[in-house]
Amino acid sequence: MDPHVVLGVPPHADEEEVARAYRELAKQLHPDRHPGDAAASKRMADVNAAYALLRDSHQDVLDRQASAPRPVRRRREPGSWLPPHVRSALGGELLAALEADEEVLVVTDAATWDSPRVRLAVSDRRLLWLRVDAPTDRVRYLRWRAIDAVEGRLLRPRRKVGELRVAPRQGRRLAFSELEPGALQLVLVTMRRHVPATGPAPA
């Protein structure tokens with residue numbers, strides 16, 4: 001595919017234009033706006049892939065600029081580069097845990113064995129989750145290089161609830177349950193750009 005065509009930007013677009021186009025499309029195609037829409041999930045996956053390609057193509061330029069002295073800039077508010085609806089979905093604690101310019105691609109609710117209320121986020125760098133009802137150590141994350149494999153499945157009855165299973169390179173497996181099927185599909189499509197799958201995505 002031509003990533004410029006997918007994002008609707010000209011071939012000479014710089015990184016800022018690409019990021020702006022990506023954020024706008026991500027806002028339009030967010031699963032909250034299209035619950036259970038497989039076509040929207042596929043379109044979002046294409047947009048994510050196109051953005052990753054163009055971002056990587058700018059990396060050489062960024063590496064050259066990294067050694068040059070940069071003017072001191074005022075510290076930005078956490079997540080100020082994200083669309084308002086993404087900032088709202090993340091909440092203060094996950095926003096504070098983000099790294100500079102970390103793009104958040106998916107935010108959804110889930111549950112784990114030790115926390116029935118979890119806010120799960122997939123960024124371009126890692127998987128993060130907030131254990132809403134935990135008294136301490138509420139925000140956790142795994143970088144892509146720390147994940148060995150990922151799989152998803154729809155649970156019975158009637159396969160209306162999804163479960164995401166994550167196998168870290170070290171430590172025990174993680175299971176995120178109570179996921180909407182559409183959200184599970186989008187999480188898997190996004191994560192499988194970075195980590196291998198151990199089984200097919202749920203239909």
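By the salt bridge (Lys or Arg N to Asp or Glu O under 4.0 Å) test, Arg33 pairs with no residue at all, sequence neighbours left out. Considering only residues two or more places apart in sequence or on other chains, Glu17 meets the salt bridge (Lys or Arg N to Asp or Glu O under 4.0 Å) condition with none of them. Applying the side-chain contact (heavy atoms from CB on, under 4.5 Å) rule to Arg145 yields the partners Arg143; only residues at least two apart in sequence or on another chain are considered. For Ser80, the side-chain contact (heavy atoms from CB on, under 4.5 Å) partners are Arg76, Glu77, not counting sequence neighbours. Residues meeting the side-chain contact (heavy atoms from CB on, under 4.5 Å) test with Leu25, sequence neighbours left out: Leu7, Gln28, Arg43, Val47. Partners of Arg20 under the salt bridge (Lys or Arg N to Asp or Glu O under 4.0 Å) rule, at least two apart in sequence or in another chain, are Glu16. Applying the side-chain contact (heavy atoms from CB on, under 4.5 Å) criterion to Ser177, with sequence neighbours excluded, gives Ala111, Glu163.
Shown here for Ser41 and Gly182, the closest heavy-atom pair between the two residues is OG-O, 4.3 Å. Residues Ala146 and Leu142 approach most closely at CB-CD2, 4.2 Å, considering heavy atoms. Here the closest heavy-atom approach between residue Ser123 and residue Trp144 is recorded as O-CZ2, 3.2 Å. Annotation for Pro11 and His4: closest pair O-NE2, 3.3 Å, computed over non-hydrogen atoms. Scanning all heavy atoms of the two residues, the minimum distance from Ala21 to Val9 falls at CB-CG1, 3.4 Å. Nearest heavy atom pair, residue Leu184 against residue Arg153, reads CD2-O, 3.6 Å.
Side-chain contact between Val122 and Met191: present, with at least one pair of heavy atoms (C-beta onward) separated by less than 4.5 Å. Between Leu154 and Gln185, the closest side-chain pair of non-hydrogen atoms is not below 4.5 Å.
Applying the ring-ring contact (aromatic ring centres under 6.0 Å, His included) definition to pairs two or more places apart or across chains, those involving residues 82-104 are His30-His85. Residue pairs that meet the ring-ring contact (aromatic ring centres under 6.0 Å, His included) test with at least one member in residues 91-128, sequence neighbours left out, do not exist here. For residues 78-97, every residue pair satisfying the salt bridge (Lys or Arg N to Asp or Glu O under 4.0 Å) rule, not counting sequence neighbours, is listed here: Glu93-Arg138. Among pairs with a residue in residues 127-136, those fulfilling side-chain hydrogen bond (donor to acceptor under 3.5 Å, both in side chains) read Asp114-Arg131, Ser115-Asp133, at least two apart in sequence or across chains.
Atoms OG1 and CD, from Thr112 and Glu178 in turn, are 11.0 Å apart once rounded to the nearest 0.5 Å. Residue Glu24 holds its CD atom at 10.0 Å from CG of Leu29, rounded to the nearest 0.5 Å. Atom OH of Tyr51 is separated from atom CZ of Arg23 by 7.0 Å, given to the nearest 0.5 angstrom.
Through direct or indirect side-chain contacts shorter than 4.5 Å among Ile, Leu, Val, Met, Phe, Trp and Tyr, Tyr141 is connected to Trp81, Leu82, Val86, Leu90, Leu94, Leu95, Leu98, Val104, Val107, Leu128, Leu130, Val132, Val139.
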Take Asp109 and Arg117, measure what side-chain contact (heavy atoms from CB on, under 4.5 Å) needs, and give me the verdict at the end. CA-CA 7 Å; Asp109 291 325; Arg117 297 177 58 212; over 6 Å; no
Stepwise side-chain contact (heavy atoms from CB on, under 4.5 Å) check, Leu127 with Leu120: CA-CA 8 Å; Leu127 180 71; Leu120 186 66; 3.7 Å; yes
Could you go through the side-chain contact (heavy atoms from CB on, under 4.5 Å) check for Glu180 and Thr108 one step at a time? CA-CA 9 Å; Glu180 292 290 332; Thr108 189; 5.6 Å; no
Residue pair Leu105, Arg193: steps toward the side-chain contact (heavy atoms from CB on, under 4.5 Å) verdict: CA-CA 12 Å; Leu105 310 173; Arg193 292 169 36 214; 3.8 Å; yes
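The backbone N or O of Glu103 lies less than 3.5 Å from a partner atom in the side chain of Asp124, making a donor-acceptor pair.
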